[in-house]
Q: 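I have a structure here, written as structure tokens, and I will follow up with some questions on it.
Every chain is numbered from 1, with letters handed out A, B, ... down the list of sequences.
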Amino acid sequence: MKYDFAAIEKKWQDKWEELKPYAAVTGSAKPKFYGLIEFPYPSAAGLHVGHPRPFTAIDIVARKKRMEGYNVLFPIGFDAFGLPTENFAIKNHIHPAIVTRQNIENFTRQLKMLGYSFDWDRCVDTTDPKYYKWTQWIFLQLFKNGMAYKTTMPINWCPSCKIGLANEEVVEGKCERCGSDVVRKEKSQWMLRITKYADRLIDDLDDLDFIERVKVQQKNWIGRSTGCEVSFKTNTPDDITVYTTRADTLFGVSYVVISPEHPLLDKWQEQIENRDEVQAYREAASRKSDFERGELNKDKTGVQLKGIEVINPANGEIVPMFVSDYVLMGYGTGIVMGVPGHDQRDWEFATKFGLPIIEVVSGGDITKEAFVAKDDSAIMVNSGFLNGMTVKEAIPAMKEYAVKQGWGREKVNYKLRDWVFTRQRYWGEPIPLVNCEKCGWVPLPESELPLVLPNVESYEPTDDGESPLSKMTDWVNTTCPCCGGPAKRETDTMPNWAGSNWYYLRYMDPHNDKEFVSKEAEEYWGPVDWYNGGMEHTTLHLLYSRFWHKFLYDIGAVHTKEPYAKRTSHGMILGRNPHYVGNVESEEEKQALIEKYGSQALRPAVKMSKSLGNVVNPDDVIKAYGADTMRVYIMFIGDFEKTATWSDEAVKGSKRFLDRCFNLMDIASESMEATPANEAIIHKTIKKVTEDIDQLKMNTAIAALMTMVNEFYAKGLSRGDLQYLILLLSPFAPHIAEEMWELTGFAAKTGRMAMQMDWPKYDEAKTVDAVREMAVQVNGKLRSTIQVATGADDETVIAAACADEKIKRQMEGMQLVKTIVVKNKLVNLILKPAK
RNA sequence: GCCGGUGUGGUGGAAUGGUAGACACCAGGGACUUAAAAUCCCUUGGGAGCGAUCCCGUACCGGUUCGAGUCCGGUCACCGGCACCA
């Protein structure tokens with residue numbers, strides 16, 4: 001019989017559609033398991049070959065959990081608001097809602113073709129008013145609890161997308177989406193106070209089962225640093241405050257620097273003698289983007305504030321003050337003390353402006369560069385009462401002194417900024433607030449939610465940076481829910497991250513029109529037991545959604561502190577690089593490639609892209625080899641966490657494996673009983689596959705299944721043996737497994753599908769062969785192998801080793817001084833020349 | 001610069017401190033076939049030898065150990081994240 005994958009997959013998908021064997025039951029007495037994959041953005045391009053990697057992996061975990069007796073929630077949905085759809089809509093003159101619907105249909109078709117065990121009845125779509133009603137509701141709770149505020153601030157503006165970007169969306173000074181240079185633009189924006197949660201977002205990581213690199217990346221992003229704020233008196237009525245982590249170096253201060261954006265500079269117009277020069281510098285700085293300022297960091301610039309004097313509180317010395325754009329307004333106090341002896345940036349600045357460089361920590365040569373001690377055991381000098389202390393002792397000593405003197409206090413700072421939560425675009429959730437001249441910003445009554453996105457003629461972004469909604473006067477002009485007077489709606493929309501912040505909660509109770517999730521459902525299903533997603537979301541979606549969840553916890557809307565108990569991350573799927581130097585033979589051709597493509601030519605694999613022509617479409621793979629082959633291959637491709645390169649050749653190996661599985665039915669005896677001869681391989685494989693799935697080591701699990709198949713071919717098998725292969729294979733390749741389960745008569749015998757059977761159990765004692773090959777080493781070098789009964793005692797093993805012909809030769813003229821036996825594995829004989 | 005990770009055959013990749021290269025892909029040889037595809041069998045880290053065998057080999061240098069791809073110290077290369085964060 002031939003393995004007709006197309007017919008088999010169609011047959012079983014239809015059956016599952018009808019029987020819904022993956023329905024999750026809220027409140028079931030079984031233990032629950034909530035497995036989650038990041039829901040896709042339904043782009044016009046359709047499913048990418050990268051999607052099936054995480055989807056298949058968690059599908060396998062979910063399928064195994066079901067067979068292990070769990071009540072499994074494995075949902076799917078679509079994160080459908082966002083720029084690409086809007087841009088596609090503008091270009092093709094189709095409404096974004098229609099584009100979205102078409103894309104979702106296409107994604108749904110593709111996902112169903114891959115045989116995922118999603119509970120489709122719980123599918124969510126973030127652009128559905130029934131869904132975003134609750135996104136808006138959560139925003140209102142944030143607003144009412146003081147977590148949302150509006151402020152005018154310079155934002156990252158992408159002139160091409162005509163949109164403001166969050167810090168997280170700016171990569172190397174360029175727009176994450178289109179790659180244009182980001183500029184600064186003053187804009188009134190809604191902000192969310194994520195910084196209020198900074199400590200908890202760091203500290204609560206300790207109790208979570210997240211892969212380490214995710215934890216580290218989130219911690220670095222939040223960037224907590226503990227230091228000290230120090231006040232300096234000046235010859236103006238104002239004191240200034242600097243932030244430092246190195247209070248120990250206070251005696252080394254030779255100047256102070258203020259950021260060009262600092263408001264004190266406006267206030268001090270009168271005292272600053274060279275105000276024109278200072279003003280010119282400030283204007284020049286404002287024209288640079290943050291990125292440009294960073295790029296130019298090699299060459300420090302600045303202007304002294306003539307007429308301004310500052311007093312170092314530690315030693316009473318008078319030091320000059322400068323304005324320089326190497327000081328950021330957004331971090332600390334916007335003013336920094338200059339310690340050129342022990343900070344490289346300050347050293348460069350002081351060198352350029354001829355300022356004194358004072359050594360206060362010994363051990364370096366400060367005439368050459370700033371000395372930043374690698375450990376904190378360096379000794380303080382030129383530092384008054386700190387002299388002779390180590391840096392480690394001096395930091396708290398100075399801190400304590402400063403606090404006692406009243407000009408210092410401990411302070412914790414974060415790199416994390418509040419979250420810019422508005423976008424000047426059409427295709428997003430409307431913000432349910434109105435602005436009333438009398439009452440200010442007023443929330444819509446919850447009964448008026450959802451505030452539906454109005455149908456507009458033109459949803460193109462505007463050149464002035466206002467949202468397209470601002471042109472809809474009918475919609476904008478409304479009445480104040482508070483006083484009934486005239487008011488205007490907020491016309492900005494939410495960022496594309498809004499809907500994905502809480503979707504895992506909606507899956508628990510997707511059709512509830514009374515609450516965003518019922519208490520009962522949330523308490524039953526929460527938290528998500530296993531969440532897999534891309535590393536690129538670590539400081540975006542994953543952090544945002546932890547923040548919202550913590551807020552919801554604080555207002556009593558959810559019962560756990562954290563949304564996700566476990567987080568894993570998959571590596572990307574790359575395509576072959578058509579410009580790789582290894583593709584050509586001659587040196588001239590290689591050189592030509594390097595000249596043309598630079599370092600790109602040195603990489604064998606690169607991100608798939610249309611322009612390189614190396615994109616693999618899952619539809620084509622499924623058509624040629626079937627969904628089961630696609631699933632097996634994408635799991636067999638390599639270590640789940642690492643990037644992997646797609647290979648059309650290697651796909652065939654996975655197809656061959658499934659053919660071999662299927663053809664085992666031709667040689668299996670009809671007995672429904674397992675045969676003793678295959679006992680060891682069956683139990684060994686059950687053990688390996690069971691353990692590997694839980695660790696996402698799908699590649700070695702499949703390798704074990706291949707070994708089992710090879711052994712069945714070599715030794716022969718019964719249907720009773722084959723049933724174990726079918727059950728172990730079923731999470732990986734569910735269609736072929738069901739077909740084989742039926743054809744071998746087990747479906748009729750049990751009245752169940754393979755996926756509904758119990759996961760096979762292994763007996764540790766049966767995982768071992770009766771006789772075993774052991775390595776024999778002489779002085780640590782492998783010299784021979786011997787066949788020994790499993791579990792044989794040391795004496796027997798040593799005797800067998802010494803009786804081996806090869807070993808006998810090694811032992812001639814030598815005496816045995818020591819033996820090391822590793823049970824069932826190896827014996828090492830230590831020999832030395834006989835005297 | 002800081003933080004994290006990785007380095008194993010022609011390729012993807014396996015190896016709780018215990019037989020390095022499992023399992024595959026590619027390649028070569030053979031069987032079947034009029035032929036091709038598919039399938040099946042064999043070979044396949046490098047080197048020496050007719051052979052039994054022997055030597056070398058997990059980026060590089062050193063250490064711990066009976067034994068190191070694995071642990072420790074140092075070096076190099078690449079990948080990812082952050083970056084004038086005081």
Q: Scan A:Arg224 against the nucleic acid and name what it touches under 4.0 Å (heavy atoms): base, sugar-phosphate only, or nothing.
A: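 Nothing, no heavy atom under 4.0 Å.
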
Q: Tell me if B:G49 is syn or anti. Syn = glycosidic torsion within 90° of 0, anti otherwise.
A: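 What B:G49 shows is an anti base, its glycosidic angle lying more than 90° from 0.
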
Q: Could you tell me whether A:Thr819 contacts a base, only the sugar-phosphate backbone, or nothing, with contacts defined as non-hydrogen atoms closer than 4.0 Å?
A: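 The residue A:Thr819 makes no contact with any strand.
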
Q: Tell me: NE2 of A:His570 to P of B:G5, nearest whole Å?
A: 20 Å

Q: Name the nucleic acid region contacted by A:Ile637, choosing base, sugar-phosphate or nothing; use a 4.0 angstrom heavy-atom cut-off, strictly under.
A: sugar-phosphate

Q: Find the partner of B:C40: check Watson-Crick (N1-N3 plus N6-O4 or O6-N4) and G-U wobble (N1-O2, O6-N3) distances, both under 3.5 Å, and reply none if neither fits.
A: B:G30

Q: So which nucleotide from B:A22, B:U19, B:A86 ends up closest to the side chain of A:Glu773?
A: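 When the side chain of A:Glu773 is considered, B:U19 is the closest of B:A22, B:U19, B:A86.
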
Q: Considering every strand shown, what is the Watson-Crick or G-U wobble mate of B:C82 when both distances are under 3.5 Å?
A: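 Looking at the geometry, B:C82 pairs with B:G1.
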
Q: Any ion pair linking A:Glu261 and A:Arg282 (charged N to carboxylate O, less than 4.0 Å)?
A: no

Q: Under a 4.0 Å threshold between the charged nitrogen and the carboxylate oxygen, would A:Asp4 count as salt-bridged to A:Lys2?
A: no

Q: Counting the atoms with a prime plus P, OP1 and OP2 as sugar-phosphate, which does A:Tyr414 contact under 4.0 Å by heavy atoms, base, sugar-phosphate, or nothing?
A: nothing

Q: Taking 4.0 angstrom as the limit, do A:Asp804 and A:Lys808 come out as a salt bridge?
A: no

Q: Let me know, please, whether A:Met535 or A:Phe640 comes out on the 5' side of the other along RNA chain B by nearest nucleotide.
A: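 The residue closer to the strand's 5' end, by nearest nucleotide, is A:Phe640.
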
Q: Answer with base, sugar-phosphate or nothing: what part of the nucleic acid does A:Asp639 contact at a heavy-atom distance below 4.0 Å?
A: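 Sugar-phosphate only.
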
Q: Between B:C84, B:C25, B:C23, which nucleotide gets closest to the side-chain atoms of A:Glu649?
A: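 Of the candidates, B:C25 comes closest.
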
Q: Could you tell me whether A:Lys697 and A:Glu691 make a salt bridge, using a distance below 4.0 angstrom between a side-chain N and a carboxylate O?
A: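 The answer is no: the pair does not qualify as a salt bridge.
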
Q: If I pick the C1' atom on B:A27 and the same atom on B:U75, what distance separates them, to the nearest angstrom?
A: 37 Å

Q: Measure from the side-chain heavy atoms of A:Arg603 and tell me the nearest of B:G80, B:C26, B:C66.
A: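 Of B:G80, B:C26, B:C66, B:G80 is nearest to the side chain of A:Arg603.
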
Q: Please check the phosphate of B:U6 (OP1 and OP2 only) for any side-chain N or O of A:Lys642 closer than 4.0 Å.
A: no

Q: Assert yes or no for the condition that the ring centre distance of A:Trp646 to A:Tyr633 is strictly below 6.0 Å.
A: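 Yes, the ring of A:Trp646 comes within the 6.0 Å limit of the ring of A:Tyr633, centre to centre.
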
Q: Which base, if any, makes a Watson-Crick or G-U wobble pair with B:A77, both distances under 3.5 Å?
A: B:U6

Q: Which part of the nucleic acid does A:Val336 contact within heavy-atom distance under 4.0 Å: base, sugar-phosphate only, or nothing?
A: base

Q: Kindly point out which of B:U19, B:A14, B:C23 is positioned nearest to the side chain of A:Asn699?
A: B:A14

Q: Please determine, for the side chain of A:Asn220, which listed nucleotide (B:A14, B:U19, B:C3) has the closest atom?
A: B:C3

Q: Out of B:A86, B:A22, B:G18, which has the shortest distance to the side chain of A:Leu328?
A: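 Between B:A86, B:A22, B:G18, the one nearest the side chain of A:Leu328 would be B:A86.
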
Q: Within the 4.0 Å heavy-atom criterion, would you say A:Arg576 contacts the bases, only the backbone, or no part of the nucleic acid?
A: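 Contact class for A:Arg576: none.
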
Q: Does A:Tyr255 have its ring centroid less than 6.0 Å away from the ring centroid of A:Phe349?
A: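 So the answer is yes for these two rings.
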
Q: Across the strands shown, which category fits A:Asn710 at heavy-atom distances under 4.0 angstrom: base, sugar-phosphate, nothing?
A: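 Sugar-phosphate only.
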
Q: Nearest to the side chain of A:Lys415 - B:U6, B:C23, B:C82?
A: B:C82

Q: Which base, if any, makes a Watson-Crick or G-U wobble pair with B:C71, both distances under 3.5 Å?
A: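 B:G63 is the nucleotide pairing with B:C71.
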
Q: Kindly say whether, by distance alone, the side chain of A:Gln777 makes a donor-acceptor pair under 3.5 Å with the base of B:U19?
A: no

Q: Between A:Asp769 and A:Lys684, does at least one N-O distance fall below 4.0 Å, as a salt bridge requires?
A: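 Result for this pair is yes, salt bridge flagged.
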
Q: Base, sugar-phosphate or nothing for A:Lys697? Non-hydrogen atoms, less than 4.0 Å.
A: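 If one applies the 4.0 Å heavy-atom cut-off, A:Lys697 turns out to touch the sugar-phosphate alone, with no base involved.
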
Q: Does the structure show a Watson-Crick or G-U wobble partner for B:A14, both distances under 3.5 Å? Name it, or say none.
A: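 B:A14 is paired with nothing.
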
Q: Under 4.0 Å between any heavy atoms, over every strand shown, what does A:Arg772 touch: base, sugar-phosphate, or nothing? Just pick one.
A: nothing

Q: When you match A:Met706 and A:Leu782 each to their closest nucleotide on RNA chain B, which lands nearer the 5' end?
A: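 Final value for this comparison: A:Leu782.
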
Q: NA contact type, A:Gln217, heavy-atom cut-off 4.0 Å: base, sugar-phosphate, or nothing?
A: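 Sugar-phosphate: the residue A:Gln217, judged by heavy atoms under 4.0 Å, touches backbone atoms but no base.
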
Q: At under 4.0 Å between heavy atoms, what does A:Ser647 touch on the DNA or RNA strands: base, sugar-phosphate, or nothing?
A: nothing

Q: Between B:C84 atom C1' and A:Ile258 atom CD1, what is the distance in whole Å?
A: 17 Å

Q: Out of B:A14, B:A86, B:C26, which has the shortest distance to the side chain of A:Arg656?
A: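 Selected nucleotide: B:C26.
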
Q: Scan A:Ile820 against the nucleic acid and name what it touches under 4.0 Å (heavy atoms): base, sugar-phosphate only, or nothing.
A: base

Q: Heavy atoms only, 4.0 Å cut-off, all strands: where does A:Lys219 land among base, sugar-phosphate and nothing?
A: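 The answer is nothing, as A:Lys219 stays clear of every strand by at least 4.0 Å.
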
Q: Starting the side chain at C-beta, find the nucleotide from B:A86, B:G18, B:C23 nearest to A:Thr707.
A: B:C23

Q: If the threshold is 4.0 Å, N to carboxylate O, is there a salt bridge linking A:Asp299 and A:Lys352?
A: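 Counted as a salt bridge, because a side-chain N and a carboxylate O are separated by less than 4.0 Å.
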
Q: Please determine, for the side chain of A:Lys781, which listed nucleotide (B:C55, B:C66, B:C84) has the closest atom?
A: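 Closest nucleotide to the A:Lys781 side chain: B:C55.
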
Q: Examine the base of B:C84 for any acceptor or donor lying under 3.5 Å from a partner atom in the side chain of A:Lys300, and report the outcome as yes or no.
A: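 Such a pair is found, so the answer is yes.
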
